[in-house]
Amino acid sequence: MKLYLQDLRKKELTVLFYRVFLVFVFYQIARFLFWFYNRDLLKIENVYDYLGYAYHGIAFDTTAILYTNALFILASILPLKVNTKRTYQKILYWIYFVSNGIGFGINFIDFFYFRFSQTRLTSAIWDVVKNERNIFRIFLCAVGEKPGIPILFILSLVLWNFFYGKVRVKPEKTNNDIVYFVLSIVYLCLITTLVVGGIRGDFKHSTRPINMIDAGKFTKNPQYANVVLNSAFSLIRTIGNDHFRQVDFVDKNYIKKNIYPYKIYNRVTKQKPNIVIFIVESLGREYIGAFNREKKIGGYVSYTPFLDSLSQKSLIFPNTFANGRQSIHAMSSILAGIPSLKDAFTSSPYANQKIQSLVSVCNELGYDTSFYHGAPNGSMGFLGFSRILGFDHYFGKNEYNDDKDFDGIWAIWDEPFLQYFSKNIGKRQPFMATVFTASSHHPFKIPENYKGKFKKGKIEIHEPIQYTDHAIRKFFDSAKKTSWYQNTIFVITGDHTNQIYYDEYKKSFNKFSVPLILFSPDKNWNLRGIDRSFAQQIDIYPTLSDLIGYNKPIRSWGRSVLSDKKYPSIIVSSDGTAEQFVIGEYLYRFDGREVVGVYEKEDLDFQNNLIEKLNSPEIEKSKKDVKAWYQDYMDRIMNRKLK
C-alpha cells in the first residue's frame with residue numbers, strides 16, 4: 001500500500017529524532033559515570049547540584065552530538081527514495097554506531113585521563129601521545145587497573161543497540177515523486193538550520209560559538225565545569241583551535257612600567273656555582289611533610305622522609321604553584337620561564353624560536369649544560385624542546401644503554417638512573433644539569449626488590465613517591481663524595497600534581513601545588529628557612545640567573561625569589577578553560593577577554609566571586625595588570641620576542 005509523502009517522511013523524521021534522542025540519553029549516562037569515577041576530585045554537594053550541571057550540559061552535548069551525527073542526519077533525510085529500504089537502513093545503522101561509538105568512547109577515556117590532566121580531554125592529548133612508542137602498553141595497563149570501565153562501555157553499547165532496534169523504519173513507497181522531492185528539500189533546509197544552530201550553541205550571529213569557557217557560567221566552582229562538559233565536545237572544540245591571538249588592551253609603556261617583562265639583578269659572585277635541577281614526576285606538595293606543617297590537615301602523613309630532612313637545611317617555599325598541567329609544560333616553565341595557558345606554548349607553532357632561558361644564560365657564562373630523562377629518547381617531547389633551549393647534551397634511555405633497569409613502560413627506574421646522573425655530571429665545571437625523574441608516574445609501580453619496603457599509603461602514588469624519595473636520597477649519598485658537590489646549588493620541584501588524598505589539595509587552585517626547595521651545602525649562599533610568599537615554577541629561571549651572577553636583562557614573567565621585591569609577583573596558571581592569576585591579595589580568573597572572577601587569596605576553591613562587590617583602585621589596577629600581562633605574553637610568543 002502506497003502512503004502519502006507527508007505520512008512517510010513524518011515517520012522517518014520521528015525515527016530520526018528518536019535515534020538522536022538516544023544519543024543524548026547515553027551522553028548523560030557517560031556524564032554520570034565520568035563523575036562517579038572522579039567523585040573524589042569532584043565532590044558535588046547534593047543531587048540538585050548534579051542535576052543542574054547535567055541540565056546545562058545538554059547544550060554542550062548538543063554540539064558534540066550534532067558534530068558526530070552530521071553524516072547520519074544528512075543521510076537520513078536526503079530525498080533518495082531508498083531511505084526506507086532495509087539495505088539503506090543497515091548502512092545508516094553502521095554510520096550511527098561507528099560515529100557515536102567514537103564520540104561516546106572519548107568520554108570513557110576521560111574516566112582514566114581526567115585524574116592526570118585535571119581537565120576534560122582536549123587536542124593537547126596529541127602532544128602527550130605523539131612522542132610515546134609504548135602508548136598501547138600504557139592503555140592496556142590502565143584498562144587492567146580499571147577493567148570495569150571497558151566492560152561498562154561494551155554493556156552501554158549493547159543496551160544502546162537494543163533500544164535502537166525498538167523503533168524501526170519500515171520499507172514504504174511514495175506516490176508523488178515531485179512532492180516527495182520538494183518537501184524533502186524543505187525538511188533538509190529546516191534540519192540543517194537546526195543543526196548549525198545546535199553546533200554553535202544558539203542562532204545569534206553576534207555571539208561566538210559555545211566553547212569550553214562557557215561551562216563555567218553554570219557552576220559556582222570552576223572545576224565543576226568538567227561535569228557540565230563532555231569529552232567529545234572539548235576535544236572537537238580544541239582541534240585546530242589556536243588560542244594564541246594578538247590583543248591590544250594597554251599601551252606598551254604600561255607593560256614596561258607595571259609588568260616588567262625584563263628584569264635585571266646585580267648580584268656579584270666570586271665563583272660560579274654548579275646547578276642541579278630535579279624536576280620530579282608528579283611531586284605534589286601534598287606528599288611532603290615539610291610543606292604541610294602549618295596546613296592543619298587532620299591525620300596528615302608524609303611520604304618523603306628524605307625531602308623532609310633536606311628541607312630542614314634548605315630554603316623552602318610552602319606556597320609554590322605549577323604553571324602548567326603536563327610534564328612538558330613544566331620544562332618550559334622551569335627552564336625558560338614560559339608558562340602554559342589554555343594552549344601549551346610547547347605544542348604551539350611558536351615553540352621553535354630562539355628563547356632566552358636558564359640554558360642560554362648558563363651557556364653564555366661558560367657552563368656545561370645537560371638534560372637527563374630515563375625514558376626512550378624523544379618521550380614527552382623533551383628531546384626536541386631541549387634542543388630548542390640549546391642544551392649541550394641530552395642523556396636518555398638510549399645513552400643509559402641497559403634495559404635490565406627499564407621499568408617496562410616508561411623509563412629507567414629512578415634509583416639506577418639517578419646514580420648514572422650523579423656519576424655522569426661534573427666532568428666539566430661549572431655545569432648546569434637538569435634531571436626529570438619518571439618512576440612516580442602512572443601506573444605507580446616500584447621495582448620488585450622494593451616490594452614491602454614502603455608503606456602503601458592512602459592512594460596508589462604514595463608508594464612510588466617514597467621510592468623516588470629514596471632514589472633522591474641515594475643520589476645525594478653519592479653526590480656528597482664528588483669534588484663538585486660543595487660548590488653546587490640544588491633545586492627540587494615537581495612538574496605537576498597527580499593523585500590527591502587530602503581535601504585541602506582538592507581545592508581548584510591547589511591542584512597546581514608543587515614544592516620548591518633550594519639547597520646548597522655551601523652555607524654562604526644562605527639558602528635556609530621558610531619563605532611563605534607565593535612562588536611558581538617560572539620564578540626558578542630568574543632566581544638561578546640571579547644566584548649565578550648574570551647581570552644582563554632577563555626576559556622573564558617570573559622573578560627572583562631571593563632579591564628585593566621591586567618586581568611584582570604575578571602568579572599564573574590555567575585550568576584549561578580560563579587563566580588564573582594571583583596579584584596582591586586576590587585571585588583573578590580571565591577568559592582571554594575580560595576578568596570574570598575576583599576572589600580573596602585564601603579562597604583557593606573559588607567559592608565566592610567578589611567581582612560585583614569589589615571596585616577599589618587596587619582591584620581595578622590588578623584587572624588591568626592581568627590584561628597587560630596577557631597582552632605581553634601573546635605579543636612575545638607570537639612575534640618571536642623570547643630572546
Side-chain angles (χ1 to χ4, degrees), residues 128-138 141 274-283 306 327-328 330-331 334-335 359 367-429 431-450 464-482 484-485 488 490-492 494-495:
V128 177
V129 304
K130 69 182 181 183
N131 296 302
E132 304 307 328
R133 304 171 195 169
N134 58 345
I135 196 65
F136 185 66
R137 185 182 298 176
I138 296 167
C141 182
N274 304 308
I275 297 171
V276 172
I277 301 173
F278 282 83
I279 305 176
V280 181
E281 175 64 50
S282 300
L283 184 64
F306 174 70
S327 298
I328 189 65
M331 191 174 176
I334 293 166
L335 298 175
V359 184
Y367 279 68
D368 182 64
T369 56
S370 57
F371 186 88
Y372 289 74
H373 184 228
N377 292 34
S379 176
M380 302 283 189
F382 293 158
L383 176 58
F385 195 60
S386 71
R387 287 176 175 168
I388 291 172
L389 293 181
F391 276 102
D392 293 326
H393 317 286
Y394 182 95
F395 297 92
K397 179 174 177 287
N398 295 10
E399 287 73 23
Y400 185 83
N401 197 30
D402 190 348
D403 282 356
K404 73 177 175 59
D405 294 325
F406 182 53
D407 66 12
I409 294 180
W410 281 112
I412 303 300
W413 291 110
D414 280 351
E415 183 182 2
F417 194 74
L418 290 182
Q419 289 300 304
Y420 168 72
F421 176 57
S422 70
K423 293 172 183 176
N424 220 35
I425 58 179
K427 295 174 181 176
R428 181 185 142 202
Q429 299 184 51
F431 68 87
M432 187 279 280
T434 300
V435 62
F436 209 125
T437 70
S439 294
S440 44
H441 200 293
H442 178 269
F444 307 125
K445 306 296 183 184
I446 63 172
E448 285 294 327
N449 59 308
Y450 280 102
I465 280 292
Q466 293 169 85
Y467 167 71
T468 294
D469 179 75
H470 169 76
I472 296 173
R473 179 199 298 272
K474 298 288 282 185
F475 165 86
F476 274 89
D477 288 344
S478 297
K480 289 174 184 176
K481 302 172 184 177
T482 66
W484 50 261
Y485 176 74
T488 301
F490 298 87
V491 179
I492 301 175
D495 59 343

>> Checking I279 against T434 for the side chain to side chain contact (heavy atoms under 4.5 Å, CB included) test, could you report, in this order, the C-alpha distance in whole Å, the side-chain angles of both residues, the deciding distance, and whether it holds?
In response: CA-CA 7 Å; I279 305 176; T434 300; 3.9 Å; yes
> What do the steps show when you test F436 against F278 for side chain to side chain contact (heavy atoms under 4.5 Å, CB included), and what is the final call?
Replying inline: CA-CA 6 Å; F436 209 125; F278 282 83; over 6 Å; no
>> Using side chain to side chain contact (heavy atoms under 4.5 Å, CB included), reason through L283 and I465 one step at a time and then give a plain yes or no.
In response: CA-CA 7 Å; L283 184 64; I465 280 292; 4.1 Å; yes
>> Is there a side chain to side chain contact (heavy atoms under 4.5 Å, CB included) between E281 and S327? Walk through the geometry before answering.
In response: CA-CA 8 Å; E281 175 64 50; S327 298; 3.3 Å; yes
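Put simply, the side chain of S379 never gets that close to the backbone of A375: no donor and acceptor are under 3.5 Å apart. With hydrogens and angles ignored, the 3.5 Å screen pairs no side-chain donor or acceptor of Y372 with any backbone N or O of L418. Here the side chain of D495 pairs a donor or acceptor atom with the backbone of S282 at under 3.5 angstrom. Remark: the backbone N or O of H442 is paired with a side-chain donor or acceptor of W410 at under 3.5 angstrom. Side chain of D414 to backbone of T468: no donor-acceptor contact under 3.5 angstrom is found. N274 places no side-chain N or O within donor-acceptor distance of the main-chain N or O of M432, the cut-off being under 3.5 Å. One N or O on the side chain of S422 and one on the backbone of Q419 form a donor-acceptor pair closer than 3.5 Å. No donor-acceptor distance shorter than 3.5 angstrom exists from the side chain of S386 to the backbone of F371, with no hydrogens or angles considered.
Annotation: the span from K481 atom NZ to K423 atom NZ amounts to 9.5 Å, rounded to 0.5 Å. Here CG of L389 is found 6.0 Å from CG of L335. Values are rounded to the nearest 0.5 Å.
Listed here is the closest heavy atom pair of F417 and G396: CE1-O, 4.3 Å. Taking every heavy atom of both residues into account, S439 and P464 meet most closely at O-CB, 3.8 Å. The shortest heavy-atom contact between F395 and S370 is CE1-CB, 4.1 Å. A433 and I425 get closest at one heavy-atom pair: CB-CG2, 3.7 Å. Closest non-hydrogen pair, F382 versus I328, comes out as CD2-CD1, 3.7 Å. Contact detail for Y467 and P416: the closest heavy-atom pair is OH-CD, 3.8 Å.
Using a 3.5 Å distance cut-off with no hydrogens or angles, the side chains of D368 and H393 do pair a donor with an acceptor. For the residue pair N377 / Y394, no side-chain donor-acceptor distance below 3.5 Å is found, with atom types taken as modelled.
Here the two rings, on F306 and F476, have centers that are under 6.0 Å apart. Ring centroids of Y450 and H470 are separated by less than 6.0 Å, placing the two rings close together.
Evaluation of the salt bridge (Lys or Arg N to Asp or Glu O under 4.0 Å) test over residues 373-402, restricted to residues two or more places apart or in two chains, returns K397-D403, D402-K404.
For the pair Y420/E415, no side-chain contact is recorded, criterion being any heavy-atom separation below 4.5 Å from C-beta on. When side chains are defined from C-beta on, I492 counts as touching V280, because their heavy atoms get closer than 4.5 Å. Side chains of V435 and F475 form no contact here, defined as non-hydrogen atoms less than 4.5 Å apart. Residues T369 and F431 fail the side-chain proximity criterion, which asks for heavy atoms closer than 4.5 Å.
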